[in-house]
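Remember, it's 1-based here, ligands and their atoms both numbered in the order they're listed. In what follows, residues are counted from 1 in the order of the sequence shown. Here the structure is a predicted model, which is why all the values come from computation and not from measurement.
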Amino acid sequence: MQLLKDRIKKDGKIRAGNVLKVDSFLNHQMDIELFGEIGKEFKKRFADCEVTKILTIEASGIGIACVAAQYFEVPVVFAKKNQTKNIAGDVYTGKVESFTHGRVYDIIVAKEFLKAEDKVLIIDDFLANGNALLGLAKLVKDAGASLVGAGIVIEKGFQEGGALVRASGVRVESLAIIESMNEDSGVVFRD
Ligand code: 5GP
């Protein structure tokens, strides 16, 4: 998606440890006009699929998922990263190792919001090592629901997640795939 690639080139900041900061338009301040274009693109790429629910993970996936959901006209469920008092009763759980924070946390979704008849599209901001995506895919599997695929805004193609998740049989549509990035040459995209 050229608009997104141009924006990453213009405003993305490369940080130590293979981290791309996109805080000015995606992860902190959010460019809702761009989110609208991202949502439309996800809808186009998954036009052949029936989707009944979008699943994401807090926090940075939520904004993107909500805007995209307007094009799919389905509810958004976000996996919570910690058990909180306002989630009562039965939950699906998983463990995810955070790429950016380097620790393992629990993710949960209440069983009432993920049903066996659901056709789930996962949406997230980044795909790096694939832990977040595989954790979300496990929740879908545990619910007995169908996983339609995953829509990712930025895939870091030089990390293993994309290959890993695709090898597990999940359809992944990434709007920008980074082939390499470093301070000297900047961001280089695949294609
Ligand atoms: P994974 O589980 O695939 O290793 O990493 C995915 C999650 O880590 C995403 O939900 C995202 O929040 C975060 N993440 C991974 N790499 C980056 C990065 O380069 N920049 C930012 N801002 N977040 C990242």
- Item | Donor-acceptor contact present, side-chain Thr52 to main-chain Lys119, <3.5 Å | yes

- At what distance is the nearest protein heavy atom to atom 2 (O) of ligand 1, and which residue and atom is it? Ala132 N, 2.8 Å

- Count the heavy atoms of every other residue, nucleotide or ligand shown that sit under 6.0 Å from NZ of Lys9, and state whether that count exceeds 12. yes

- Message: Which residue and atom name correspond to the protein heavy atom nearest atom 15 (C) of ligand 1, and how close is it?
- Response: Phe99 CD2, 3.4 Å

- Query: Val22 near ligand 1, heavy-atom distance under 4.0 Å?
  - Reply: no

- Atom CG of Asp191 with >12 non-hydrogen neighbours under 6.0 angstrom: no

- Query: Would you say Leu26 touches ligand 1, if touching means a heavy atom closer than 4.0 Å?
  - Reply: no

- Query: Nearest protein heavy atom to atom 20 (N) of ligand 1, by residue and atom, and its distance?
  - Reply: Leu20 O, 2.7 Å

- atom 22 (N) of ligand 1: the protein heavy-atom neighbour that sits closest, reported with distance to 0.1 Å: Asn27 OD1, 3.0 Å

- Query: Tell me, which protein residue and heavy-atom name are nearest atom 9 (C) of ligand 1, and how many Å apart are they?
  - Reply: Asp125 OD1, 3.4 Å

- If you count the non-hydrogen atoms of other residues, nucleotides and ligands that lie under 6.0 Å from CD in Glu33, is the total more than 12? no

- Query: Can you check whether Leu127 has an N/O within less than 3.5 Å of an N/O in ligand 1?
  - Reply: no

- Query: What is the nearest protein non-hydrogen atom to atom 10 (O) of ligand 1, stated with its residue, atom name and distance?
  - Reply: Asp124 OD2, 3.0 Å

- Task: Say whether, by atom type as modelled, one donor and one acceptor occur between the side chain of Glu58 and the main chain of Lys81 under 3.5 angstrom.
- Result: yes

- Query: What atoms of ligand 1 come closer than 4.0 angstrom to any heavy atom of Asn18?
  - Reply: 19 (O)

- Would the number of heavy atoms belonging to other residues, nucleotides or ligands and lying under 6.0 Å from CD of Gln2 be above 12? yes

- Item | For ligand 1, the portion of Ile154 having any non-hydrogen atom under 4.0 Å away | neither

- Item | Candidate with minimal heavy-atom separation from atom 1 (P) of ligand 1, of Gly12, Ser60, Gly130, Gly161 | Gly130

- ligand 1 atoms nearer than 4.0 angstrom to some heavy atom of Asn131 are 1 (P), 2 (O), 3 (O)

- Task: Identify the protein heavy atom lying closest to atom 17 (C) of ligand 1, giving its residue, its atom name and the separation to 0.1 Å.
- Result: Lys156 NZ, 3.5 Å

- Query: What atoms of ligand 1 come within less than 4.0 Å of a heavy atom belonging to Ala128?
  - Reply: 1 (P), 3 (O), 4 (O), 5 (O), 15 (C), 16 (N)

- Item | Identity and separation of the nearest protein heavy atom to atom 23 (N) of ligand 1 | Phe126 CD1, 3.5 Å

- Query: Do Leu133 and Val170 come close enough that some side-chain heavy atom pair is under 4.5 Å?
  - Reply: no

- Message: Run the salt bridge (charged side-chain N to carboxylate O under 4.0 Å, His left out) test on Asp48 and Arg171 for me, step by step, so that the C-alpha distance in whole Å, both residues' side-chain angles and the decisive distance to 0.1 Å come before the verdict.
- Response: CA-CA 13 Å; Asp48 56 327; Arg171 173 178 171 188; 3.4 Å; yes

- Neighbour count above 12 (heavy atom, 6.0 Å) for Lys111 NZ: yes

- Item | Derivation of the salt bridge (charged side-chain N to carboxylate O under 4.0 Å, His left out) call for Glu37 and Arg7 | CA-CA 12 Å; Glu37 295 306 315; Arg7 191 61 179 273; over 6 Å; no

